*Asks:* 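The structure's right below; bear with me while I get my questions together.
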Amino acid sequence: MTTNRIAEVAGVSIGSLYQYFPNKRSVFSALHERHVGDVRSALQHHIADFGSSSFSEFVVGLVEALVDIHSVDAELHRLVSTVISEGPEHFRAALHAAFAGAITRCGAKDMDRILFVLPNLVEGLVHGVTLSPLASRDAKGEAVTATLAYLAIHQELGR
């Protein structure tokens, strides 16, 4: 991947590209920031809607939205992730915070165990979609199935 190739794919001259991005890393940083904004928006949307749904519906909706975001251009996402490595840790922390708030509202007693597994499970599944040989729809279905299987053992979260 070169800046010349980026400019070619973007349909701009290399000079125009350098006017906005001094190097290839800055292009990847901008793509990563856009991705982070999309993820943040999905998290905020689902947290805001949680009051009108069950915990399982909240988690499934969030997993589906996050899989969709990561499936848009899986190859580009993989490439950006190799250059900007801090993304997964921030993503996992954001998931942890979102799930902590929702679990607290459910009154779950085993919060530490759930917060150990659920954010890591969802992060792994969502980012795994970018590596999956499955069609996006099938990968999403498997991610939801795995998440629901985990939630099924925690009756205190409600349905």
Side-chain angles (χ1 to χ4, degrees), residues 1 6 9-10 21 25-159:
M1 179 68 63
I6 293 169
V9 170
F21 303 101
R25 181 164 174 82
S26 65
V27 172
F28 290 123
S29 291
L31 289 169
H32 180 258
E33 285 304 314
R34 183 175 67 187
H35 173 69
V36 166
D38 292 344
V39 168
R40 187 175 294 124
S41 177
L43 284 168
Q44 290 169 346
H45 171 77
H46 281 80
I47 290 168
D49 286 350
F50 175 54
S52 62
S53 63
S54 70
F55 185 77
S56 291
E57 291 169 334
F58 163 71
V59 174
V60 166
L62 186 56
V63 168
E64 289 176 338
L66 294 171
V67 167
D68 288 343
I69 290 168
H70 286 80
S71 298
V72 170
D73 193 338
E75 186 177 345
L76 178 61
H77 180 73
R78 280 193 311 273
L79 183 59
V80 170
S81 295
T82 61
V83 175
I84 310 294
S85 59
E86 64 271 6
E89 191 57 41
H90 292 285
F91 181 53
R92 201 172 304 115
L95 285 172
H96 188 279
F99 290 141
I103 291 167
T104 298
R105 288 172 41 192
C106 292
K109 293 170 183 53
D110 209 3
M111 188 164 163
D112 289 339
R113 286 178 188 254
I114 296 166
L115 285 176
F116 164 69
V117 174
L118 195 54
N120 288 297
L121 174 69
V122 171
E123 185 271 329
L125 289 167
V126 167
H127 282 133
V129 166
T130 66
L131 304 170
S132 175
L134 301 174
S136 176
R137 185 191 69 217
D138 294 335
K140 184 185 339 186
E142 291 300 310
V144 167
T145 299
T147 305
L148 286 173
Y150 176 74
L151 293 177
I153 63 172
H154 291 284
Q155 300 299 320
E156 71 271 24
L157 293 173
R159 298 287 144 220

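Residue indices begin at 1 and follow the sequence shown. Quick caveat: nothing in here was measured; it's all calculated off a predicted structure.
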*Asks:* Please give me the minimum heavy-atom distance between V129 and S71, naming the atom from each residue.
*Replies:*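 Taking every non-hydrogen atom into account, CG1-OG, 3.2 Å.
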*Asks:* Give me the atom names and distance for the closest heavy-atom approach of P119 to L95.
*Replies:* O-CD1, 3.7 Å
*Asks:* Between CG of L121 and CZ of F116, what distance do you get to the nearest 0.5 Å?
*Replies:* 10.5 Å
*Asks:* Using 0.5 Å steps for rounding, measure from the CG atom of L118 to the CE atom of M111.
*Replies:*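 Going from CG on L118 over to CE on M111, the span is 11.0 Å.
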*Asks:* Side chain of T145, backbone of G141: donor and acceptor closer than 3.5 Å?
*Replies:*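 The answer is yes, because a donor-acceptor pair under 3.5 Å joins these two groups.
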*Asks:* So I114 and H154, side chain to side chain contact (heavy atoms under 4.5 Å, CB included) or not? Walk me through it.
*Replies:* CA-CA 8 Å; I114 296 166; H154 291 284; 3.7 Å; yes
*Asks:* Could you tell me the separation between the NZ atom of K140 and the NE2 atom of H70, rounded to the nearest 0.5 Å?
*Replies:*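 Result: 13.5 Å between the selected atoms.
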*Asks:* Look up atom CZ in R25 and atom NE2 in H32, then write down how far apart they are to the nearest 0.5 Å.
*Replies:*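 Output value for this atom pair is 10.0 Å.
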*Asks:* Quick one: CZ on R92 to NE2 on H90, what's the gap to the nearest 0.5 Å?
*Replies:* 11.0 Å
*Asks:* Given 3.5 Å as the limit, does a donor-acceptor pair link the side chain of T104 with the main chain of A100, or not?
*Replies:* yes
*Asks:* Would you please indicate yes or no on a ring centroid separation below 6.0 angstrom for H127 and F91?
*Replies:*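 Yes, close enough.
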*Asks:* Heavy-atom distance under 4.5 Å between the side chains of I47 and L62, does that happen here?
*Replies:* no
*Asks:* Is there a side-chain contact between L125 and E142 (heavy atoms, below 4.5 Å)?
*Replies:*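 They are not in contact (no side-chain heavy atoms under 4.5 Å apart), so the answer is no.
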*Asks:* Compare all side-chain heavy atoms of L148 with those of V59 and state whether any distance is below 4.5 angstrom.
*Replies:*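 A side-chain contact is absent here, since even the closest heavy-atom pair is not under 4.5 Å.
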*Asks:* Is any side-chain heavy atom of F58 less than 4.5 Å from a side-chain heavy atom of F99?
*Replies:*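 The answer is yes; the side chains approach within 4.5 Å.
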*Asks:* Taking atom NE2 of H46 and atom CG of L66, what is their separation to the nearest 0.5 Å?
*Replies:* 7.5 Å
*Asks:* Are there more than 12 heavy atoms of other residues, nucleotides or ligands under 6.0 Å from atom CZ of R105?
*Replies:* yes
*Asks:* Please report the shortest heavy-atom distance between A143 and V63, naming the atom on each side.
*Replies:*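 Looking at all heavy atoms of both residues, the shortest contact is CB-CG1, 4.0 Å.
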